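Okay, so here's the structure we're looking at.
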Amino acid sequence: MNERIKSVVYPLILFALILALWSFATSRFGIPTYILPPLSGVVAALRHGFVEGAYWGDFLYTLTSVVSGYAAGCTCAFVLGCLFAEFRPVERVLHPFVLALQSMPKVALAPLILVWFGFDLASKVVMVALVCFFPMFINTVVGLKATPPALIDLMRAFSASRWQILLRIKIPSAAGHIFAGLQISIVLGLIGAIVAEFVSSTKGLGFLINSATAQMDTSTMFAALASLAVLGIAGSQLVRWLHRRIVFWDRAASQTTLSE
Amino acid sequence: MNERIKSVVYPLILFALILALWSFATSRFGIPTYILPPLSGVVAALRHGFVEGAYWGDFLYTLTSVVSGYAAGCTCAFVLGCLFAEFRPVERVLHPFVLALQSMPKVALAPLILVWFGFDLASKVVMVALVCFFPMFINTVVGLKATPPALIDLMRAFSASRWQILLRIKIPSAAGHIFAGLQISIVLGLIGAIVAEFVSSTKGLGFLINSATAQMDTSTMFAALASLAVLGIAGSQLVRWLHRRIVFWDRAASQTTLSE
Amino acid sequence: APTKLVYANVTDMSTLSQAPVVAAKTLGYYKQENLDVEFMGFKGTATMLPQLLADRIQIGYPNADTILQSLEPGRERLPVKFFYNSVRSSSWEFVVLDNSPAKTMKDLNGKRLGVGALTFGNVPLTKAEFKKLGIDMQLVPVGTGSAAFVALKTGQVDALNLFDTQDATFETQGEKIRRLEQLDEYKQLFSNGFITTDAMLRKNPEAIAGFGRAVAKATVFCDANPQACVKMFWKAYPQTKPSGDEAKALADSVTVLKSRLVRLNDFPAGQPKRWGEYDPQVWKNFVKALHDGGQLKTTDIKPEDIYTNALVPKFSDFDAAKVVAQAKAYK
Amino acid sequence: MSTSNKLAFRAKGLVVTYDSSRGPVKAIDGLDATVADGEFVSILGPSGCGKSTLLKIVSGLLKPSAGTVELGGASITGPRRDIGIVFQQPTLLPWQTVLQNILLPIRTLGLNRTEGRARADALLRLVGLEKFANNYPHELSGGMQQRIGIARGMIHDPGLLLMDEPFAALDAMTREHMMAELQRIWMAAGKSVIFITHSIPEAVFLSDRVLVLSQRPAHLVKDMTIALPRPRTEETMGTREFGEYCTALRALFNEITR
Amino acid sequence: MSTSNKLAFRAKGLVVTYDSSRGPVKAIDGLDATVADGEFVSILGPSGCGKSTLLKIVSGLLKPSAGTVELGGASITGPRRDIGIVFQQPTLLPWQTVLQNILLPIRTLGLNRTEGRARADALLRLVGLEKFANNYPHELSGGMQQRIGIARGMIHDPGLLLMDEPFAALDAMTREHMMAELQRIWMAAGKSVIFITHSIPEAVFLSDRVLVLSQRPAHLVKDMTIALPRPRTEETMGTREFGEYCTALRALFNEITR
Ligand SMILES: Nc1ncnc2c1ncn2[C@@H]1O[C@H](COP(=O)(O)OP(=O)(O)OP(=O)(O)O)[C@@H](O)[C@H]1O
Ligand SMILES: Nc1ncnc2c1ncn2[C@@H]1O[C@H](COP(=O)(O)OP(=O)(O)OP(=O)(O)O)[C@@H](O)[C@H]1O
Ligand SMILES: [Mg+2]
Ligand SMILES: [Mg+2]
């Protein structure tokens, strides 16, 4: 068997084993549903959710808030990151604040954000954007500053303007860092959305988990978690794929993207 | 004024300006306390909390769960990361699972963890450990694999054993990545602790935020957020300092540590 | 155009305790009152209140305690009023496993009691009740749902102090639990009621009255045909419908709903039901209980400032028999 | 694309001090040197003495700490459009193809692209990389990358060409080929060249004059005129005069590095 | 610390094929070569032809795809304790001091540390870095780093020393000094040396024999014995014989790379 096939088949076998073990354990040892739902229960919940369509609304709601918040947060972070990296005085004044805000767990702000932005999609988008902002911002700044000075000298020697240097040299050479930031942000953004939905919502996968918890419906809970995992995996894989395509010259691309 | 002094004085001025503006806004425009507490209220809450000592218990509780969870999670991640990077079959089988779990927002598991590990400190520690695990694991693996092949050849040429190569070459040369992982994990660990305390607790800064929210006591909430920020900053700075000391040979150390 | 109202629960909308409010919409009762009602859920009263004050929502469903505290001298009185007494007696219960040696509350002295979280509204009441009984228990926050249940099952706590629908949910898991009798004055303490702003009451009392009447009708309907009520709820929130065996799911859900309907219908025996009415004496008891529980520093508080019975006659202004008939015929 | 020919270089009492994290580092200390119009001048000096620093001064990337530096009679205030530079490292943009890399100065200077394109093709042939125009730098070996850097430095036909050890990464044969080509181009175009190297035979082979610098901080130790007839060929390297120049420089070098 | 002297090398029909992501790359194809006991042999070949690959085969880091390779009559099965190797890049551990780096083979081989320490001091003096024993590699220039690599390769007094372009990063003077020193050490100890270089004069100066390899995939093109008297000095480089060897090799090289 060649490497490629092995790397698909072996994990599949393990996955099947886990499912079998799970199935066996719940049916054989009579583990109560409220501790671990039977596999069949989770499958039924997923059917109910996605084939019969009960969860699509929640799925799309969470997707919407994550995508909009992610886009907004990452865009702001990129633009501000460029400003921060390019203008020394801006950096000097703001550096300690960035450090402090970066180290503060943003999810703790969820209740306040609700007060400030209302309970609609807006507050979820703000939460996601806030959570996405920092990894992206920091990585943009670090990436821009890590531009090899030799490349900058090269451009200066050929009379390039500051703007040309930023656009043609710094941003492309920061691309690896920027994509790593995008990668971290997508998972954090999902967390942000879920926490915001925990605090207030009538929809979304976070709401689903919350209401399943209250009803001791662990099957639904697992189904919701699985949907979340799918969202997370799809998002990261998309970013990873873009990374490989766009930053094709970076041999280490396949490695840096792995890093969260 | 020299650079050093400027980089302390300018942010301080901005900070003072923000405080003044805040103070002015709340007193002048009569912003209700439940939207934005007056500065004086937050100061009073901090006094009550730390001078009179009302929050120390919460502070230490969160600190305990974060520190133990962080230590446990990072240690497991490091050891498993070494196994994963050293043994190709282990990697081949587990890779998709790691990818999936990594992309799943771990905080959504909080209710399940509560079911499985009870409501004591244990569940908080597990949550923190879980959240800390992945960045550290991935960074360990990436770091070990990024060891320059030339260094490995060098050791092999001088008849070093596999164990010597791991210990003497791979781990030191992965140190930069490993510290970056420790850095991300500390902030994520705090988030994990807060979310776990949101879900159920009698103590901790997350509990404090939660109960302040329940009582519409925004002053206490801000005070708790400030304490959290302090914990986060102290933690990251400690890791950063260790990074600089231990990985002294890595010129890029001061840059990579900035990256979350 | 119909008046737009946003109604908000203080937990998720997805608990069956909200079934009558939801059913009123499905049955078109709001429309009959020329109202367009939307639903929302928040984590806790305090998260909901700012939204009410900002007029992003018009009606909330909180417990009384946070609002009463705002009447304490020196605090900012919130410009809001309860206008409809919904859960007419305490929904908080003390339950033990069926095989527990504890027969009365007094038997729990010195044991461990599971509560949802220390921030739950019942905690001060529970403390006050202990004081009155002369017992002491260690309070352990166990969350809700499976986590709480596991805590009780595994003996990490000796009793649980959660609410009616939660306990009923445990029973649907096939576990025998026993409710312990509480002191009368605590049993009486109403739980959630509908609240709105003073401004709203002044500006549009008609809409508020209409909302109360619609919910009252829906409560009568659900009482007469809980199966239909549950199905309407599932229709509105399909994701909350338990997967698996439909018949069992329906039976379980009806059990849970009924546990709440009992509270909604807890009227003095032999008198006509006056939907939404508050008993001033119970408010006084409430203040006293919160004071005993350490939540209020004084009993010198006028609860009249935060509730009104003014609209009560309008709530009951419908033909209950007709609604029952509609319910029986509904499939 | 044509540029002024009046690009004589003059440094008087040049001092360059770097402001490093471990305090000031004096790289050049009181250097006096000239390069006449159309002249090929090599700069020879021990590693780390300040050769690249001098080149940065000439190109306007660095400001002198003291002393004067002039190009064509005017003080150097910043990068100039009529100077071409080949760095010690290839310094290519990894996200652009070989051709795009070579055309970089055309784009940043806003010159005519069609003309640039034609020149680029000619230069690609010159450095033997015409088949690799659409490859990316990481697909080429170190020596090939260095040759792209050389082509890029010449693309806008500068009046003065600055070259910092351009042949160091090349193997012996390619190196000798490139030396011959550089001489041919220089003789045809008559532009000035400042050429940094640590190979004594290379310096002797190519130059009208060789300037020998001291250990850091650099000052001028010797200004040696190489009076060998042009064009110089492989045979020139076998001659006695060539050997004597090399031996003299080697002896000088020995003294400096002692 | 003493090792067997019987380390003659023999390759017959050696083939090495890399399994790269773009399919197999044949680096060496049917190479036959020998190195006698105590002999100094240089390997000369165009860039990328397979010289480093050959060295990896000899050191046991790489397995041949076909053919036989023997050391002292026994087939090579893996890295051996009695071989010293100096890589093309300095390859130092950045987290260890200069001294620790030099002592690395002593530690991994589990040899006597006191003796090792004494030898390290001697080698540090030899390469002129005795003042830098406690510095870290990043504090040194490229040339200094390369010299540490040389000292490390010799620390355990190996019977066969493999050197891969060890002097490439050094400036002309240090290079000539190191060449002379290497000759002196080799003459004193009488160990075998396989020396890779792309400098023709260097190969001629140092070697008993020069093996010239073809373009990739490498096979033997020429086995040239250098019959110059030892010790060779600066004057040797000025002699006619020396020049003739160089010219002959250069001509050969021209042919190969055509
Ligand atoms: N940015 C800098 N900050 C501080 N010191 C520097 C800086 N750049 C160079 N130097 C120092 O200045 C001296 C001259 O450096 P330069 O690069 O000009 O040497 P060079 O002659 O080109 O050497 P090489 O032949 O190795 O290229 C060196 O000692 C170096 O350490
Ligand atoms: N790991 C590898 N995978 C695939 N191809 C390789 C690998 N290592 C080397 N090669 C190829 O094998 C050939 C020989 O490489 P080698 O490093 O032996 O060359 P060399 O003669 O040492 O060159 P140089 O003088 O530049 O050091 C080259 O064409 C190279 O591209
Ligand atoms: Mg230089
Ligand atoms: Mg090589």
Side-chain angles (χ1 to χ4, degrees), chain A residues 78 82 85-86 88 91-92 95 139-140 142-182 239-257, chain D residues 3 18 52-53 55-63 76-98 100-111 116 135-140 145 148-149 152-158 160-164:
Chain A
F78 177 71
C82 289
E86 280 290 289
R88 185 86 184 84
E91 184 190 352
R92 189 161 29 206
H95 189 253
N139 275 34
T140 303
V142 170
L144 291 177
K145 292 197 159 189
T147 308
L151 291 186
I152 297 174
D153 268 356
L154 166 72
M155 288 299 272
R156 285 184 51 221
F158 291 121
S159 307
S161 66
R162 181 172 199 160
W163 183 240
Q164 280 180 322
I165 293 178
L166 176 64
L167 232 58
R168 291 244 171 95
I169 301 295
K170 291 191 176 177
I171 291 175
S173 90
H177 279 94
I178 291 172
F179 271 98
L182 287 172
V239 172
R240 200 164 301 203
W241 180 80
L242 283 175
H243 188 167
R244 289 227 185 90
R245 299 232 82 186
I246 296 178
V247 194
F248 60 88
W249 65 88
D250 186 356
R251 292 166 190 195
S254 56
Q255 292 185 333
T256 46
T257 47
Chain D
T3 46
Y18 283 110
S52 299
T53 305
L55 217 71
K56 283 193 184 162
I57 291 283
V58 180
S59 65
L61 288 173
L62 214 59
K63 300 240 168 318
I76 301 175
T77 54
R80 290 174 56 137
R81 305 168 56 94
D82 47 5
I83 288 184
I85 183 160
V86 179
F87 289 94
Q88 193 165 2
Q89 253 68 45
T91 325
L92 305 175
L93 307 189
W95 52 87
Q96 299 204 331
T97 62
V98 166
Q100 288 171 324
N101 264 291
I102 293 180
L103 288 173
L104 184 77
I106 300 291
R107 274 194 286 146
T108 61
L109 294 170
L111 301 178
N135 281 66
Y136 285 91
H138 67 86
E139 295 165 343
L140 308 182
Q145 295 188 10
I148 300 168
R152 181 183 55 197
M154 299 179 165
I155 185 76
H156 58 302
D157 193 19
L160 171 61
L161 185 59
L162 309 176
M163 305 182 90
D164 196 352

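If you're wondering where the values come from, they're calculated on a predicted model, not measured in any experiment. Protein chains get the first letters and strands the later ones, always in sequence-line order, with residue 1 at the start of each.
Taking CD1 of A:I152 as the start and CG of D:L61 as the end, the distance is 11.5 Å to the nearest 0.5 Å.
Between chain D and the residues A:A160, A:P148, A:A157, A:A175, the largest count of heavy-atom pairs under 4.5 Å involves A:A157. Counting heavy-atom pairs closer than 4.5 Å to chain A, the top residue among D:P105, D:G78, D:G84 is D:P105. Annotation: maximal heavy-atom pairing with chain A below 4.5 Å, among D:L109, D:L162, D:T108, occurs at D:T108.
Interface remark: D:L92 contributes backbone atoms only to the contact with chain A (heavy atom separation under 4.5 Å). For D:T91, the parts sitting under 4.5 Å from any heavy atom of chain A are the backbone and the side chain alike. Both the backbone and the side chain of A:I169 come within less than 4.5 Å of a heavy atom in chain D. Looking at A:S161, there are no atoms closer than 4.5 Å to chain D (heavy atoms on both sides), in backbone or side chain.
At distances below 3.5 Å, not a single donor-acceptor pair connects side-chain atoms of D:R81 with backbone N or O atoms of A:S159.
Side-chain atoms of D:W95 and A:I246, non-hydrogen and from C-beta on, never get closer than 4.5 Å to each other. A:R168 has its side chain out of reach of D:L93: every pair of non-hydrogen atoms, C-beta onward, lies at least 4.5 Å apart.
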